[in-house]
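See below for the structure under consideration.
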Amino acid sequence: MTESEPNRTASSAGPTLATIMVAILVIQATGWASGLRGKTLAEAVERGAARVEAQSVGEVAEADIRRAIDNQRSSLRFWAVLSAVGDFVVEPLAPALRAVLAASGFAAIAALSGRPVRYAEAMAEAAAAQWFWVIGLGVQVTLMIVMDRTEVETSLVLWLPPGSYPAVSWIAARQFDLFALLGWIAVGRSGWRLGLVGPVTAGGVCLLLWGIEASLRIGMATLCGAAIRATLMPR
């Protein structure tokens with residue numbers, strides 16, 4: 001390897017992450033443009049409005065029923081905006097945060113063990129590994145459009161037997177995604193290949209970061225899901 005090759009590798013993290021961010025935005029925009037992203041929320045609003053009407057008939061004035069239904073339907077805009085923030089802000093930023101944390105972890109361990117830090121190269125390698133998450137998202141959105149389904153899974157959910165599951169269990173199963181697994185393997189392999197960490201340590205760092213990300217996603221999805229159900233599907 002010549003002296004200029006590491007420099008080119010080290011300087012590629014920024015453009016790589018920028019390209020990944022644009023790719024995620026395009027894929028998410030395609031999903032929203034197909035109408036499938038907002039379809040689930042729209043259906044929940046209509047079911048909630050129907051429940052409000054059924055529960056209120058004979059108990060309150062018709063004007064109050066109409067007002068309650070209008071309020072129910074107007075809440076769709078809020079939840080749609082919140083969902084869009086997740087798709088167009090949180091998801092595009094996730095690869096950069098994932099790469100920074102992984103590279104920082106590898107570099108810190110290398111420094112403590114007396115090995116060459118090589119942070120910039122680790123950052124470039126971790127950034128390139130984020131393409132696995134982009135491919136996974138692209139596969140999901142493509143299958144959603146082709147199959148005309150609001151949800152398509154590439155995770156452990158595919159292996160669950162038919163039946164009803166608690167929301168937390170279902171969301172947790174979604175964190176075991178094939179493309180995310182391949183991505184974390186690529187991230188860990190990059191730290192090992194660069195000589196920053198050993199294979200066991202690389203796996204431990206990736207497992208820790210995956211656990212943190214999965215916990216945050218499970219917590220936020222559970223919280224938002226409960227709020228949506230309470231708002232759109234009142235008892």
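Scope of the values below: all heavy atoms of this structure, side chains included, with no hydrogens, waters or symmetry mates.
- Hydrophobic cluster membership for Leu181: Ile185 (Ile, Leu, Val, Met, Phe, Trp, Tyr linked by side-chain heavy atoms under 4.5 Å, directly or transitively).
- With sequence neighbours excluded, the residues forming a ring-ring contact (aromatic ring centres under 6.0 Å, His included) with Phe176 are Trp210, listed by chain and number.
- Of all non-hydrogen atoms in Ala111 and Val117, the two that sit nearest each other are CB-CG2, 3.9 Å.
- Every ring-ring contact (aromatic ring centres under 6.0 Å, His included) that Trp133 has, sequence neighbours left out, goes to Trp184.
- Under the rule for a side-chain contact (heavy atoms from CB on, under 4.5 Å), the partners of Arg193 that lie at least two apart in sequence or sit in another chain are Glu125, Arg189.
- Checked against side-chain contact (heavy atoms from CB on, under 4.5 Å), Val90 has no partners two or more places apart in sequence or in another chain.
- The hydrophobic clustering, which links ILVMFWY residues whose side-chain heavy atoms are closer than 4.5 Å, places Leu97 and Val205 together.
- Scanning for salt bridge (Lys or Arg N to Asp or Glu O under 4.0 Å) contacts around Arg174 gives Glu153, with sequence neighbours left out.
- No continuous path of ILVMFWY side-chain contacts below 4.5 Å connects Leu93 to Leu17, so the two sit in separate hydrophobic clusters.
- Atom CG of Asp87 is separated from atom CG of Leu25 by 10.0 Å, given to the nearest 0.5 angstrom.
- In Trp192, the CH2 atom is not crowded: 12 or fewer heavy atoms of neighbouring residues, nucleotides or ligands sit closer than 6.0 Å.
- Using modelled atom types, no side-chain atom of Arg217 and backbone atom of Gln175 make a donor-acceptor pair closer than 3.5 Å.
- Residues Ala80 and Trp32 approach most closely at O-CH2, 3.6 Å, considering heavy atoms.
- In this structure the side chain of Leu196 never reaches within 4.5 angstrom of the side chain of Ile109, judged on heavy atoms.
- Across all non-hydrogen atoms, the minimal contact from Ala23 to Trp131 is CB-CZ3, 4.1 Å.
- Taking each heavy atom of Ile24 and Glu91 in turn, the nearest pair found is CD1-O, 3.7 Å.
- Summarising the geometry of Pro116 relative to Ala110, their closest heavy-atom pair is O-CB, 3.7 Å, with the distance given to 0.1 Å.
- A distance of 10.0 Å separates CG in Asp177 from CG in Leu137, rounded to the nearest 0.5 Å.
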List the steps and the verdict of side-chain contact (heavy atoms from CB on, under 4.5 Å) for Leu36 and Arg149. CA-CA 7 Å; Leu36 294 173; Arg149 295 177 56 179; over 6 Å; no
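- Although no hydrogens or angles enter the test, the distance criterion places a donor-acceptor pair under 3.5 Å between the side chain of Ser190 and the main chain of Val187.
- One hydrophobic cluster, built from ILVMFWY side chains closer than 4.5 Å, cannot hold both Val134 and Met123; they sit in different ones.
- Taking CD1 from Ile171 and OG from Ser155, the interatomic distance works out to 11.5 Å, rounded to the nearest 0.5 Å.
- Residue Phe106 comes nearest to Cys206 through the heavy atom pair CZ-SG, 4.2 Å, listed as atom of the first residue, atom of the second, then distance.
- Note: Thr222 OG1 to Trp170 CH2 = 13.5 Å, rounded to the nearest 0.5 Å.
- Criterion: ILVMFWY side-chain heavy atoms under 4.5 Å apart, direct or through other members. Under it, Ile212 and Leu223 are not part of a common hydrophobic cluster.
- In this structure, Tyr165 OH and Leu160 CG are separated by 4.5 Å, a value rounded to the nearest 0.5 Å.
- Under the 4.5 Å side-chain heavy-atom criterion for grouping Ile, Leu, Val, Met, Phe, Trp and Tyr, Leu101 is connected to Leu194 within one hydrophobic cluster.
- Tested against Ile145 for a side-chain contact (heavy atoms from CB on, under 4.5 Å), the candidates Val141, Asp148, Thr142 yield a single pass: Val141.
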